[in-house]
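Reviewing the structure listed below.
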Amino acid sequence: MNETAKKNVFPWGTLVRYILLLASLTLVLIPVYVLFVTSFKTSADADPSRTWMLPQLWDATNWGRAWDTLYPSLINSLSLVIPSSIISAMLGSMNGFVLSKWRFPGANIVFTLILFGMFLPYQAVMIPLMNLVTNAGIGFGIPTLIMMHVVFGIPITTLIFRNYYETIPGELIEAARVDGAGMLRTYFSVVLPISIPSFVVVLIWQFTSAWNDFLFALFFGGSKDPVVTVALNNLAHGSIMADYGASMAGALIASIPTLLVYIALGKYFVGGLMSGSVKG
Amino acid sequence: MAKKTKAVSSKSKISSWGPGLLLISPSIILVGVFVYGMIGANIITSMKDTHTAAQVSGRKPSDFVGFSNFGKLFADPDFQHSLINLLLFTVVFLVGTLLIGFLWAWLLDRPIKGEGIFRSIFMFPMAISFVASGVVWRWLLNPAKGETASGLNRLFQQVGLGFLQNSWTQNITFGVVAIALPAIWQLSGYVMALFLAGFRGIPDELREAARVDGATEWQLYKQIIFPQLAPIALSAVIIIGHMSLKSFDLIMSITDQRTYSTKVPAIDMFNAMTDNDYSNAAAIGTILLVIVAIFVVPYLIHDSKESAKR
């Protein structure tokens, strides 16, 4: 086929791509449709034969019930997520700086050892953690969860910052060193001011993973003040008859913060995801 | 070259690198204690006979029993079922996300209108917790059929695919595969993003050169694009694979910890712990760690060698 013929032909390829993309889009959005529609249905409207239809009348009772149940846990989650992501980001930034720009002998090995923590199946440390929390008087609750998220966030936050700092020209650091700046001054006056993009990525990452965490929350959150994932799971599994309307409204409520972050800062969100693949 | 020697000489003095080590030492200690120390403590517990609440609280002593907990676990049909479930789940999860992720990346690689919207929507499920998505998937995977069917089974009836109706998570052998569907739904966008970055990293000249040489589209993929994407596919396998081994949230929210058909080792570990069988819980944790380590450690070592070369 020569070039001119190629140009005049109907773009079948593009058409097929659109069909496949739109079909995928529909499949991906099916659960969203179900969440929305079901959350606005009254129990009278929830007959199996009508499950895929729009509500006969849009009713917000489920939303009210879900909100009343989840509201305290939303506050708990916020009080967990905000401090833990800020502390994680600060630690990660310092670690990343040292491991890329103020290296010490063995820094590579230390980095690899830290990185392994990213892949650690937490089941392999749960029993000793449980012993520590129950026997050392640490106790269950939000402060314990903050500690867990900070500690187990070190690998990924260190990785993201290190990868970012690797792209800073070494001359910048050397120049500060030659001017007699010590490590902390170099960090605060040269490195920190240009770290904002990485801070955004790390804060989003830690915010999302702490908000969405269920495992640590279930083991160490205690039953008194559950975080939102635990409260939602209780709501969805609570009664003998599954209360789908309220749990779907609850699922939407519980997802709003992370979805807002995703919509507003999508570029940085993806940045965090990509750094998770080790290679920067 | 000259710069490098200077950097090396300044690195050799402790006064120069000491402060760095000091700054990072809190993290080294935390990771040392909470990752490696805890792994060690967990292995020790897994080799004891702490199976009762009295032993957990220290009112009764525990004895060292070596590997016998592991032997009993592997001989237990219940735990074998969990391991097989884990394998099934991982294979379906991996194949599903890789195929769909690749397809989407391939569809979006060349310029197309609305690319940003497609990409954002394909990736949004990543932002949602497994617990929240479990709520809706539990409904979609409702096992009722016929008159009382809802969820996907009802949809299948309505679009004339009634033969596809099935009992989803209640199937003893393949129930766990039903759990892989939401997992694929959530993570395919991520794999797409990885592959898309890979596609975009292939220089156009490389494709052009191959075309000029008269390569067919298939040869182009086989000889240029696939080899370039191989490292990305490996990253995706490692990340999805280790997530799969840790799968817990999704199963807890779609079924629960007592559902036999969908249980995996992470669920067994939770049950053993709540039953105060700490040694078995620790043994299951150790088994998961070994499985993860088998394929993550070579990858990490390879990666650190690569970055040392750079």
Side-chain angles (χ1 to χ4, degrees), chain A residues 14 17 20-21 24-25 28-29 31 34-35 38 48 51-52 91 94-95 98 102-104 108 110 112 114-117 119-121 123-130 151 154 182-183 208 212 214-215 229 232-233 236-237 244 247-248 251 254-255 258-259 262 266 270 273-274 276-279, chain B residues 11 17 19-21 23-24 27-28 30-31 34-35 38-39 41-42 45 104 107 112 118 120-122 124 127-132 135-136 139-140 148-150 154-155 158 190 193-194 197 235 239 242 245-246 248-249 253 256 266 269 278 281-282 285-286 288-289 292 296 300 303-304 308:
Chain A
T14 309
R17 279 164 73 205
L20 286 171
L21 283 169
S24 306
L25 197 77
V28 170
L29 289 177
V34 167
L35 275 170
T38 316
T51 48
W52 288 91
L91 274 181
M94 295 191 305
N95 297 345
V98 170
W102 213 276
R103 299 163 62 81
F104 51 89
N108 261 339
V110 167
T112 305
I114 290 179
L115 216 51
F116 177 72
F119 297 97
L120 174 75
Q123 284 80 12
V125 291
M126 274 309 181
I127 291 294
L129 279 177
M130 189 55 87
V151 169
I154 289 175
M183 180 191 66
T208 310
N212 288 345
F214 179 66
L215 185 71
T229 45
L232 175 63
N233 199 52
H237 287 261
Y244 278 119
S247 19
M248 298 236 187
S255 307
T258 49
L259 277 180
Y262 174 66
V270 178
L273 291 181
M274 304 307 278
S277 66
V278 182
K279 290 184 175 67
Chain B
K11 257 182 206 164
W17 55 257
L21 189 59
L23 186 65
I24 193 180
S27 293
I28 295 180
L30 284 174
V31 170
F34 280 86
V35 176
M38 296 274 166
I39 287 176
N42 189 65
T45 306
W104 287 348
L107 289 170
I112 192 161
F118 285 118
S120 308
I121 291 182
F122 291 164
F124 97 88
I128 293 173
S129 67
F130 283 122
V131 174
V135 169
V136 60
W139 182 92
L140 285 168
T148 54
S150 61
R154 172 68 67 168
L155 185 68
Q158 285 171 345
Y190 175 47
L194 288 176
S235 295
I239 289 159
H242 101 277
L245 293 169
K246 296 199 266 193
F248 176 78
D249 307 10
S253 71
D256 57 36
M269 187 266 153
Y278 273 29
T286 305
L288 284 176
L289 177 73
V292 168
V296 167
L300 286 179
D303 205 72
S304 87

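Each chain gets a letter, A, B and so on, in the order its sequence line appears, and its residues count up from 1. What you see is a predicted model; the values in this text were computed from it and never measured.
- Shown here for A:Ala124 and B:Gly285, the closest heavy-atom pair between the two residues is CB-O, 3.4 Å.
- Between the CZ atom of A:Arg17 and the CD1 atom of B:Ile112 there is a distance of 4.0 Å, given to the nearest 0.5 Å.
- Across all their heavy atoms, B:Met38 and A:Leu129 have their closest contact at SD-N, 3.7 Å.
- A donor-acceptor contact closer than 3.5 angstrom links the side chains of B:Trp104 and A:Ser24.
- In this structure, the portions of A:Met248 lying under 4.5 Å from any heavy atom of chain B include both its backbone and its side chain.
- Between the CG atom in B:Asp249 and the CG atom in A:Leu215 there is a gap of 6.5 Å [rounded to 0.5 Å].
- A pairwise comparison of heavy atoms in B:Ala132 and A:Ser255 identifies CB-OG, 3.5 Å as the closest pair.
- For B:Ser253, the parts lying under 4.5 angstrom from a heavy atom of chain A are both the backbone and the side chain.
- For the set B:Phe34, B:Trp139, B:Phe130, the entry with the most heavy-atom pairs within less than 4.5 Å of chain A is B:Trp139.
- Across B:Ser27 and A:Leu91, no two heavy atoms sit closer than the pair OG-CD2, 3.7 Å.
- The nearest pair of heavy atoms linking B:Val131 to A:Thr229 is CG1-O, 3.5 Å.
- With rounding to the nearest 0.5 angstrom, the CD1 atom of A:Ile127 is 10.0 Å from the OG1 atom of B:Thr286.
- From B:Phe118, atom CZ reaches atom CG of A:Leu25 across 6.0 Å, with rounding to the nearest 0.5 Å.
- You'll find the side chain of B:Val35 stays beyond 4.5 Å of the side chain of A:Val125, heavy atoms only.
- To the nearest 0.5 Å, atom CZ of residue A:Arg103 and atom CD1 of residue B:Ile24 are 10.0 Å apart.
- If you tally non-hydrogen atom pairs under 4.5 Å between each of B:Leu140, B:Val31, B:Leu23 and chain A, the highest count goes to B:Leu23.
- Residue with the most contacts toward chain A among B:Ala282, B:Ser120, B:Ala197: B:Ser120 (heavy-atom pairs, distance under 4.5 Å).
- For chain A, the option among B:Leu155, B:Leu289, B:Asp256 with the highest count of heavy-atom pairs below 4.5 Å is B:Leu155.
- The distance from the OG1 atom of A:Thr51 to the CD atom of B:Gln158 is 6.0 Å, given to the nearest 0.5 Å.
- The residue among B:Thr45, B:Ile28, B:Leu288 with the most heavy atom pairs within less than 4.5 Å of chain A is B:Leu288.
- Although no hydrogens or angles enter the test, the distance criterion places a donor-acceptor pair under 3.5 Å between the side chain of A:Thr258 and the main chain of B:Ala127.
- The aromatic rings of B:His242 and A:Phe119 sit perpendicular to each other, their planes meeting at more than 60°, with 30° as the lower class boundary.
- The backbone N or O of A:Leu120 lies less than 3.5 Å from a partner atom in the side chain of B:Lys246, making a donor-acceptor pair.
- When side chains are defined from C-beta on, B:Phe122 counts as touching A:Val28, because their heavy atoms get closer than 4.5 Å.
- Shown here for A:Pro31 and B:Val136, the closest heavy-atom pair between the two residues is O-CG2, 3.5 Å.
- Proximity to chain A involves both the backbone and the side chain of B:Val135, based on heavy atoms less than 4.5 angstrom apart.
- For B:Phe248, the part sitting under 4.5 Å from any heavy atom of chain A is the side chain, from C-beta outward, and nothing else.
- Residues B:Phe124 and A:Leu29 have side chains in contact (heavy-atom distance under 4.5 Å, counting atoms from C-beta outward).
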